[in-house]
Amino acid sequence: MTQEKKVSFNWEKSNHVGYIEKEYENSYLVVVDDPSSDMKEKYTNRMIISKKECTILNA
């Protein structure tokens with residue numbers, strides 16, 4: 001089984017953590033661990049985030 005990579009990213013001036021569900025050329029599909037109510041409503045806990053905006057938390 002593949003270990004999920006945890007990432008940290010900033011969205012709307014707050015820091016969030018999630019894991020990478022899918023990797024694209026310049027971005028990740030991230031499932032957010034503790035989404036805000038706005039994230040739940042608009043993005044259903046899953047967001048595409050630029051690789052430039054993400055910090056990998058575990059290898």
Side-chain angles (χ1 to χ4, degrees):
M1 182 160 66
T2 308
Q3 183 171 353
E4 298 165 340
K5 289 185 181 178
K6 282 258 201 210
V7 294
S8 173
F9 64 94
N10 285 317
W11 186 71
E12 292 188 345
K13 299 182 182 179
S14 59
N15 195 32
H16 296 279
V17 176
Y19 67 88
I20 298 171
E21 185 173 312
K22 188 169 184 178
E23 184 173 352
Y24 299 102
E25 187 175 338
N26 296 315
S27 59
Y28 298 118
L29 176 60
V30 176
V31 177
V32 183
D33 284 346
D34 189 19
S36 66
S37 59
D38 196 32
M39 282 181 183
K40 286 180 188 177
E41 183 178 320
K42 291 182 180 178
Y43 305 103
T44 62
N45 304 351
R46 298 166 69 198
M47 301 177 72
I48 294 184
I49 307 293
S50 169
K51 286 183 179 181
K52 293 178 184 178
E53 301 297 320
C54 292
T55 304
I56 304 291
L57 299 177
N58 59 355

Any side-chain heavy-atom pair of [X] and [Y] under 4.5 Å:
X: Arg46; Y: Leu29; result: yes
X: Ile49; Y: Val7; result: no
X: Tyr28; Y: Ile56; result: yes
X: Val30; Y: Trp11; result: no
X: His16; Y: Met47; result: no

*How far does CD1 of Ile48 sit from CD of Glu53, to the nearest 0.5 angstrom?*
14.5 Å
_Tell me whether the count of non-hydrogen atoms from other residues, nucleotides or ligands lying under 6.0 Å of NZ in Lys51 goes above 12._
yes
_Within 6.0 angstrom of Asp38 CG, more than 12 heavy atoms from elsewhere_ = yes
Heavy-atom closest pair, residues [X] and [Y]:
X: Glu21; Y: Val31; answer: OE1-CG2, 3.0 Å
X: Phe9; Y: Val32; answer: CZ-CG2, 3.9 Å
X: Glu23; Y: Ile20; answer: N-CG2, 4.3 Å

